[in-house]
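These numbers come from a predicted model, not from an experiment. Numbering of ligands and ligand atoms starts at 1, following listing order. In what follows, residues are counted from 1 in the order of the sequence shown.
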Amino acid sequence: MIRMNDMILLKLGELILKGLNKKQFERRLIANIERRLKTFGEFRVYSAQSAIYIEPLSDNCDMDRAFTAMCKVFGVVSVSRAVACPKDADRIFETARAYLKDELSQAGSFKVESKRSDKRFPMTSIDLSRYVGGKLHDAFPHLTVDVHTPELIVNIEVRDFAAYVHTGGTPGAGGLPVGSGGRAVSLLSGGIDSPVSTYMIAKRGISIIPVHFFSFPYTSELAKQKVLDIAAVLLPYCGKLTVEIVPFTKIQEEIRRLCPEEYLTLIMRRFMMRIADRIAQKNGCGALCTGENLGQVASQTMEALAVTEDCTSLPVLRPLIGFDKEEIVSLARKIGTYELSILPYEDCCTVFTPRHPRTKPSVSEVVEAEKPLDIEALVQEAIQGIERLPIVT
Ligand code: ATP
Ligand code: MG
């Protein structure tokens, strides 16, 4: 439902601090916002005074869903539903009375808080709060004024073009606008960890190319669909996603056929890194990202990380490296990927897990162990077979 002059007001985060980059960041953020809003109607989006204004251009704009979507856009610290009115104390009061009628009727106590970025406005913030607060008190006599812990805060912002009334913002997603920091390939399994690591790197302003290694028929179509569903949950944060599905069966079978069992996982992970590296080079990516975490499993000791990282010259970003499992799970729940991740479909690692994996491997012994393989041919063949699936909402 749209109420008169109903709009969404976004406060910007870290990018305020970025000085010269600021304009570029704002442009990027506005483009990301416009892309997200497309399915909810036609909006006008513009920035002024370290805020972004989103105004519906027609009655059929879905403001509720637009609001929810804006809470997932990186680069925004707070999101408010607000209403615009002329910069005049009585008009501001009338607007607050009408727009917040339900909230004011239901609350027991309230206060008015004003901010004035237009310093030409004739009243000080304190005077404006007092004036509007007094008139609202007259209009809703059941209310008490409580300046310390009010049930309702009526916010007034006097800005360049208009005054805005709202009841405070919901926290935004924080971070930096996706795309402002370049691109990375993210290795996305169907597990709990890599959706979270993907989210965390996107939050730092990085566009993501998700890559999934798929071992059909050892892993089923359902396992692939699960990864696509996880990507769909990540889409509102990441902006734009095309999942690259890499056929991985032959590589795994060849490793199992020709290499010592204790190295299966390590050699398999080296292939993932090699292929991710090629995809990264092709797409101008500056890094790879994984959900690896020190010490969780045998393939995630420092020695094992060194062995896998040996196959790429790009930095490998591992945002979960120091997290406890509970911390990862609680983030996964917050993002909304957890329920999908725990669906019980097999993944390529569990299917080929050695009974006694090497936990302290050296690069040279693994290189020796993978010697029987025609590495370049296997990598080439896998890359030829990549399937690209754009995620749409
Ligand atoms: P996750 O919960 O992300 O699956 P994990 O704790 O199960 O992680 P591993 O299975 O050792 O750990 O995988 C470590 C990382 O390697 C994953 O976080 C992911 O980034 C990448 N990875 C593993 N399997 C795949 C796959 N099939 N496709 C793409 N990336 C993968
Ligand atoms: Mg896994």
Leu241 and Ile208: which non-hydrogen atoms are nearest, and at how many Å?
-> CD2-O, 3.6 Å
Which of the atoms in ligand 1, numbered in the order shown and given with their element, are less than 4.0 Å from a heavy-atom of Leu187?
-> 19 (C), 20 (O), 21 (C), 29 (C), 30 (N)
Selection from Glu292, Gln300, Arg318 by shortest heavy-atom distance to atom 9 (P) of ligand 1 | Gln300
Side chain to side chain contact (heavy atoms under 4.5 Å, CB included) between Arg36 and Tyr237, intermediate numbers included = CA-CA 10 Å; Arg36 285 266 64 77; Tyr237 299 102; over 6 Å; no
Can you list every salt bridge (charged side-chain N to carboxylate O under 4.0 Å, His left out) pair that touches residues 236-251, not counting sequence neighbours?
-> Glu244-Arg388, Lys250-Glu381
After noting the C-alpha distance and the side-chain angles of Leu57 and Phe43, does the key distance pass the side chain to side chain contact (heavy atoms under 4.5 Å, CB included) rule?
-> CA-CA 5 Å; Leu57 290 176; Phe43 296 85; 5.6 Å; no
Just by distance, do the side chain of Lys87 and the backbone of Asp160 share a donor-acceptor pair under 3.5 Å?
-> yes
State, yes or no, whether a side-chain contact exists between Arg81 and Asp6 at a heavy-atom distance under 4.5 Å.
-> yes
Numbering the atoms of ligand 1 from 1, which are under 4.0 Å from a heavy atom of Asp193?
-> 1 (P), 2 (O), 3 (O), 5 (P), 6 (O), 8 (O)
Return yes if some donor-acceptor pair links the side-chain N/O of Lys135 with the main-chain N/O of Asp90 below 3.5 Å, else return no.
-> no
Indicate yes or no: does an N/O atom of Cys289 lie under 3.5 Å from an N/O atom of ligand 1?
-> no
Output all residues satisfying side chain to side chain contact (heavy atoms under 4.5 Å, CB included) with Asn32, sequence neighbours left out; order by chain, then residue number.
-> Arg28, Arg35, Pro177, Val178
Quick one: which ligand 1 atoms are inside 4.0 Å of a heavy atom on Gly191?
-> 1 (P), 2 (O), 4 (O)
Going by distance only, is there an N or O of Gly291 that falls short of 3.5 Å from an N or O of ligand 1?
-> yes
Under 3.5 Å: N/O of Ser189 near N/O of ligand 1 = yes
Ser194 N/O to ligand 1 N/O under 3.5 Å = yes
Gln380 atom CD, over 12 foreign heavy atoms within 6.0 Å | yes
Note: Leu188, heavy atoms under 4.0 Å from ligand 1, region reported as backbone
Which of the atoms in ligand 1, numbered in the order shown and given with their element, are less than 4.0 Å from a heavy-atom of Ile192?
-> 2 (O)
Check each atom of ligand 1 against the heavy atoms of Thr290 and keep those under 4.0 Å away; list them by number with element.
-> 20 (O)
N or O contact, Met272 vs ligand 1, cut-off under 3.5 Å | no
Which of the atoms in ligand 1, numbered in the order shown and given with their element, are less than 4.0 Å from a heavy-atom of Val211?
-> 29 (C)
